[in-house]
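Worksheet: the structure to be examined is printed underneath.
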Amino acid sequence: MDISRTHLIEDLNSSMEGQNIIFGGWIVDLRKLGKMAFLTVRDVTGMCQVIVKGDSMNLLEGLNRQSVVRISGKIQTSKAKDFDFEVAAIEIQVLAKAEYPLPIDPIGRLESDIDNRLNARALDMRNQKTASIFKLRHYVLSSIRETLSEKKFIEITTPKIIGSASEGGANLFGLDYFGNQAYLAQSPQLYKEQMTIGLERVFEISGFYRAEKSHTGRHLSEFTSVDIEAAFMDYTDVMDVLESLIIDVFRKTSEKCNTEQENIGHTIQVPDSPFERVTYSQALDELKNNDLKLEFGDDLMDSHLRKLGDIHTGFYFLTDWPMKLKPFYIHEKDDDPTLSRSFDLQYGYLELSSGGRRLHDPEQLKARLKEQELDPVNFADHLESFDWGMPPHSGWGLGLDRLMTVLIGIDNVREVVLYPRDPDRLKP
RNA sequence: GCCCUUGUAGUAUAGCCCGGUCCAGAAUUCGGCCCUGUCACGGCUGAGACGCGGGUUCAAAUCCCGCCGAGGGCGCCA
């Protein structure tokens, strides 16, 4: 079976009139008008109209919507509203037939439930709205890689199967590793810090895992994290990196992705910079003025973040958190050891990223582990690297899926993840 | 773990509150017939549904209970 194409649909144009071409794709629509018929066919690059008439009408035998076809035909001018040329069919070959009933409407004229769409995710990609979300995701990833590469960050890949769950924090997924207990990594934190020893600036874009039974539009058991770690940078320096990365993402997608924006019905607005920087203490004062009283050292609950999000719409940094709210590796401030060199990047109430300056002195790090009732013995491998010339360093982790929801103006990460994993969804 | 909402054809929905007018209605999809410029083609025609189980009642899609599924929120989330 010959499956070759001479052209992608985007390569076809009206100046090719009279030329014979072969292209392939999926039948979007099929309109039979007695002794003639119109087909619209889509490939990944676009859609075009095919006309069938006269003796060729027998070519329509066995055709239905969403089947894959290979069409040879001749380019001619068109009277269609949406096309200035069309393909007069000479031969239509059905490469694979779509079997009805299909579980969702792939055209998207009727928007199917997210549940049905996720169960038929591959077919959902025929819906241009969904496809555009994932094309945008591709551009976002490539923008992030560009920005970080320009800033001399090296992309790394750290292990996802790890041997120790002693770091505290979120629950991990356990698994059997040839008879030993292993876990799925919840973050590249320790590995990326270690890599600053030789590579100075590193980043990773990867899936990580948290075994939390969260039921919200912003949590998944498997999520994609963008992480950086950089030697000789303080927390404000990596905040600048994060801010320019975000601006680049919005600027590049808003400029390049016109079709995608049109398909999702959302215009990407490049945020103003610099982002507002609000200290934890300022946030407490603002909450107090809104009758939400907190003591220094209290963590900000969802209701508090929603209030802050009302005050600071859009992107803003929440900085200088109390040390007691931060993990063991975070560095304190010089002028006030109860405060940390740390930040969260917020979009309204939504936390997108958190990061900060890390401790690089092994003795301080050991002391902090004990303070947080963690056993340094469990961190022996990690601590050893701190004896090999660990530079002062800072970094952050950014939730890519959450960033995507902000970029395209929706409020559920399941829309921007191909096959989301949550406590109630393991398949497909 | 707690709370709220919800389940009607392939899809997406009307009906439910206020039981009888519903052997469940319109759309789209799918099948058949007609149609030579459609473009959400049109016309005629056909097929297709009350999540499961129990209860109340003369009567249940509608009210109640249980189960199952789905959506969302809180909490959790170095």
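The sequence lines fix the lettering, A, B, ..., with proteins before strands; numbering per chain opens at 1. Keep in mind it's a predicted model, so treat the numbers as computed, not measured. Reckoned from all heavy atoms, side chains included, excluding hydrogens, waters and symmetry mates.
Between the base of B/G75 and the side chain of A/Lys213 there is no donor-acceptor pair shorter than 3.5 Å. At a cut-off of 3.5 angstrom, counting only N and O atoms as typed in the model, there is no donor on one side facing an acceptor on the other between the side-chain of A/Glu212 and the base of B/G75. Taking only distance into account, the side chain of A/Ser187 meets the base of B/A78 through a donor-acceptor pair shorter than 3.5 Å. Residue-to-nucleotide contacts include a donor-acceptor pair under 3.5 Å from the side chain of A/Gln49 to the base of B/U38. Applying the 3.5 Å distance criterion, the base of B/C77 shares no donor-acceptor pair with the side chain of A/Ser214.
Between A/Asn64 and B/U29 there is no side-chain polar atom (N or O) within less than 4.0 angstrom of OP1 or OP2. Side-chain N/O atoms of A/Arg218 include one lying less than 4.0 angstrom from OP1 or OP2 on B/C74. Contact between the side-chain N/O atoms of A/Arg306 and the OP1/OP2 oxygens of B/G73 is not found at any separation under 4.0 Å. The side chain of A/Arg65 places an N or O atom within less than 4.0 Å of a non-bridging phosphate oxygen (OP1 or OP2) of B/U29. Neither OP1 nor OP2 of B/A78 sits under 4.0 Å from any side-chain N or O of A/Arg368.
In this structure, of B/A40, B/U11, B/G37, it is B/U11 that holds the atom nearest to the side chain of A/Asn116. Comparing B/U38, B/A78, B/A70 by their nearest atom to the side chain of A/Leu33 picks out B/U38. Taking only side-chain atoms of A/Asp302, from C-beta outward, the nucleotide of B/G37, B/C74, B/U29 with the closest atom is B/C74. Relative to the side chain of A/Met301, the nucleotides B/U38, B/U11, B/C76 differ in distance, and B/C76 lies closest. Taking only side-chain atoms of A/Asn412, from C-beta outward, the nucleotide of B/G72, B/A12, B/C76 with the closest atom is B/G72. The listed nucleotides are B/A70, B/A78, B/U38; the one nearest the side chain of A/Gln186 is B/A78. Taking the side chain of A/Lys35 as heavy atoms from C-beta on, and the options B/C35, B/C77, B/A70, the nearest nucleotide is B/C35. Nearest to the side chain of A/Leu110, among B/U36, B/U28, B/G37, sits B/U28. In the set B/A70, B/A40, B/A78, B/A78 carries the atom at the smallest distance from any side-chain atom of A/Tyr329. Side chain of A/Arg425, nearest nucleotide from B/G71, B/U11, B/G37: B/G71.
Remark: side-chain polar atoms of A/Trp396 are paired, donor with acceptor, to backbone N or O of A/Val238 under 3.5 angstrom. Judged purely by atom type and a 3.5 angstrom limit, A/Gln194 has no side-chain atom pairing as donor or acceptor with the backbone of A/Ser385. A donor-acceptor pair is defined here as one N or O able to donate and one able to accept, closer than 3.5 Å; no such pair exists between the side chain of A/Arg368 and the backbone of A/Tyr329. Panel note: side chain A/Thr224, backbone A/Asp401; no donor-acceptor pair is recorded below 3.5 Å. With hydrogens and angles ignored, the 3.5 Å screen pairs a side-chain donor or acceptor of A/Glu212 with a backbone N or O of A/Asn171.
In this structure, the aromatic ring of A/Tyr100 is not positioned over the six-membered ring of the base of B/C30 within 5.5 Å between centres and 30° between planes.
Nucleotides B/G48 and B/G1, compared at atom P, are 43 Å apart to the nearest Å. Rounded to whole Å, the C1' atom of B/A26 lies 13 Å from the corresponding atom of B/A9. A gap of 40 Å separates the P atoms of B/C77 and B/C63, to the nearest Å. When the P atom is used for both B/A49 and B/C2, the distance is 38 Å, rounded to whole Å. Distance noted for atom P between B/G31 and B/G10: 15 Å (whole Å). Comparing the C1' positions of B/U6 and B/G20 gives an interatomic distance of 26 Å, to the nearest angstrom. For the P atoms, the distance from B/C22 to B/A61 is 13 Å, rounded to whole Å. Of the C1' atoms belonging to B/G25 and B/A70, the separation is 25 Å, rounded to the nearest Å.
The pairing partner recorded for B/G69 is B/U6, the criterion being a Watson-Crick or G-U wobble arrangement whose two distances lie under 3.5 angstrom. Pair assignment for B/G25 gives B/U13, based on Watson-Crick or G-U wobble hydrogen-bonding distances that are each under 3.5 Å. Of all nucleotides present, only B/C34 satisfies the Watson-Crick or G-U wobble test against B/G42, with each distance under 3.5 Å. If you check B/A59 for Watson-Crick or wobble pairing at under 3.5 angstrom, you find it has no partner at all. Base pairing analysis places B/C74 opposite B/G1; the two distances defining the Watson-Crick or G-U wobble pair are each below 3.5 Å. Under the Watson-Crick and G-U wobble criteria, each requiring two contacts below 3.5 Å, nucleotide B/G48 is left unpaired.
Atom pair A/Ile104:CD1 and B/U28:C1' shows a separation of 15 Å (rounding to whole Å applied). Atom pair A/Leu60:CG and B/U36:P shows a separation of 14 Å (rounding to whole Å applied). The distance from atom CG of A/Asp105 to atom P of B/U29 is 8 Å, rounded to the nearest whole Å. Across the protein-nucleic acid pair, A/Leu63 atom CG and B/C30 atom P stand 13 Å apart, rounded to whole Å.
For A/Tyr280 and A/Asp298, the side-chain atoms include no donor-acceptor pair closer than 3.5 Å.
Using a 4.0 Å heavy-atom cutoff across all strands shown, A/Ser78 reaches at least one base atom of the nucleic acid. Residue A/Gly54 is classed as having no contact, given no heavy-atom separation below 4.0 Å to the nucleic acid. Among the protein residues, A/Arg210 comes within range of the sugar-phosphate backbone only, with heavy atoms under 4.0 Å from sugar or phosphate atoms but none that close to a base. Residue-level contact check: A/Glu99 touches neither bases nor backbone, having no heavy atom under 4.0 Å from any strand.
Between A/Asp302 and A/Arg306 there is a salt bridge, with a side-chain nitrogen of the basic residue lying less than 4.0 Å from a carboxylate oxygen of the acidic one.
The distance from the CG atom of A/Asp227 to the CD atom of A/Gln189 is 7.0 Å, given to the nearest 0.5 Å.
Two residues, A/Pro327 and A/Tyr349, neighbour RNA chain B, and the one matched to the more 5' nucleotide by heavy-atom proximity is A/Tyr349. For A/Asp411 and A/Ile51, each mapped to the nucleotide of RNA chain B holding its nearest heavy atom, the one lying further toward the 5' end belongs to A/Ile51.
Considering A/Lys366, A/Glu332, A/His393 in turn, A/Glu332 is the only one that fulfils the side chain to side chain contact (heavy atoms under 4.5 Å, CB included) rule with A/Leu359.
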